[in-house]
Amino acid sequence: MTDTPASPRCTDVVFDFCGVLIDWQCAACLRGHLPDALVERICADDDPYGFFRYEDLMDRGQDFADVLARYRDEFGDDMARIFDYYIRHYGDALPRLVPGMRGLLEDLHAAGTGVWGLTNWSHETFPVAYERYPRLAELLDGVVVSGVEKMHKPNADIYELTLRRFGLDAARCLFFDDTAANVEGARAIGMPASRFTDAQSAREELVSLGALPAHRS
């Protein structure tokens with residue numbers, strides 16, 4: 001009987017940012033500055049005031065000034081002032097790192113595993129993440145930012161760019177994202193990927209793939 005070849009050891013881990021490394025909360029920026037009912041409507045899943053749609057345009061590489069002008073045309077001056085406040089106080093929407101993730105990154109480094117970032121984020125607001133959490137810049141070996149590249153998950157080109165830029169073997173990587181479509185986008189180009197839920201589950205998967213030792217360092 002022929003043995004089944006073992007899967008290659010995971011040598012590099014690629015992380016999304018918001019919802020994986022950083023706890024992004026639009027409401028945390030707006031609460032206390034607006035009536036609670038309005039904050040709830042702005043942050044609702046059906047996106048009635050377009051915050052997420054217009055922020056997505058920034059994530060795709062459009063400049064804030066241009067996006068704000070388009071936002072004002074659709075929603076008027078009052079809402080445009082709120083959207084402007086949100087973007088200019090973006091750090092308040094990043095209240096904490098996701099619990100357990102700093103320790104996980106540190107342990108991956110200690111194990112000699114590559115640690116990378118791939119995020120849909122505006123080129124203008126992404127620097128706020130490092131200003132607020134400078135340790136992330138130290139722990140990540142490199143990051144691809146959609147707004148800088150004018151590419152966007154889940155399109156194949158941004159995953160392929162990440163692999164090429166950092167010299168990664170897709171089969172030896174694992175990508176974590178909290179959005180199902182982005183997970184599927186990675187898998188479509190041959191990069192193993194998992195839907196992120198919490199640091200402990202991610203740690204257990206990485207141990208199983210050989211990216212971390214079984215005991216915590």
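Side-chain contact of H123 with D63: a donor-acceptor pair under 3.5 Å is present, judged by distance alone. Side chain to side chain, Y90 and E124 fail the donor-acceptor criterion of an N or O pair below 3.5 Å.
Applying the ring-ring contact (aromatic ring centres under 6.0 Å, His included) definition to pairs two or more places apart or across chains, none involves residues 182-201. The salt bridge (Lys or Arg N to Asp or Glu O under 4.0 Å) contacts involving residues 181-191 comprise E184-R187, where partners must be two or more places apart or lie in separate chains. Pairs passing the salt bridge (Lys or Arg N to Asp or Glu O under 4.0 Å) check and including a residue from residues 83-105, sequence neighbours excluded, read D23-R96, D84-R88, R102-E106. Within the structure, every pair that satisfies the ring-ring contact (aromatic ring centres under 6.0 Å, His included) test and touches residues 98-119, not counting sequence neighbours, is listed here: W116-F166.
Under the 4.5 Å side-chain criterion, counting only non-hydrogen atoms from C-beta, S194 is in contact with L174.
When V98, L108, L118 are each tested for a side-chain contact (heavy atoms from CB on, under 4.5 Å) with F15, only one passes: L108.
Every residue meeting the salt bridge (Lys or Arg N to Asp or Glu O under 4.0 Å) condition with R165, not counting sequence neighbours, appears here in chain and number order: E149. Take A180 and apply the side-chain contact (heavy atoms from CB on, under 4.5 Å) test, not counting sequence neighbours, and it matches R195. Remark: P154 pairs with Y159, A181, N182 by the side-chain contact (heavy atoms from CB on, under 4.5 Å) rule, at least two apart or across chains. Taking A137 as the reference, Y130 meet the side-chain contact (heavy atoms from CB on, under 4.5 Å) condition, with sequence neighbours excluded. With sequence neighbours left out, D77 forms a side-chain contact (heavy atoms from CB on, under 4.5 Å) with R72, R81. Partners of E204 under the salt bridge (Lys or Arg N to Asp or Glu O under 4.0 Å) rule, at least two apart in sequence or in another chain, do not exist in this structure. In terms of the side chain to side chain donor-acceptor pair (under 3.5 Å) criterion, residue partners of E74 (sequence neighbours excluded) are, by chain and number, R53, Y54.
Taking Ile, Leu, Val, Met, Phe, Trp and Tyr as hydrophobic and joining them when side-chain heavy atoms fall under 4.5 Å apart, one finds V183 isolated, its cluster having no other members.
Counting only distance, with no hydrogens or angles, the side chain of T119 and the backbone of D16 share no donor-acceptor pair below 3.5 Å.
Ring geometry for Y71 against F83 counts as parallel: the plane angle stays under 30°, on a 0 to 90° scale with 60° as the upper cut.
A salt bridge is defined here as a Lys NZ or Arg NE, NH1 or NH2 lying under 4.0 Å from an Asp or Glu carboxylate O, and D177 with K153 meets this definition. Contact check on R70 versus D66 returns no salt bridge, with no Lys/Arg side-chain nitrogen under 4.0 Å from an Asp/Glu carboxylate oxygen.
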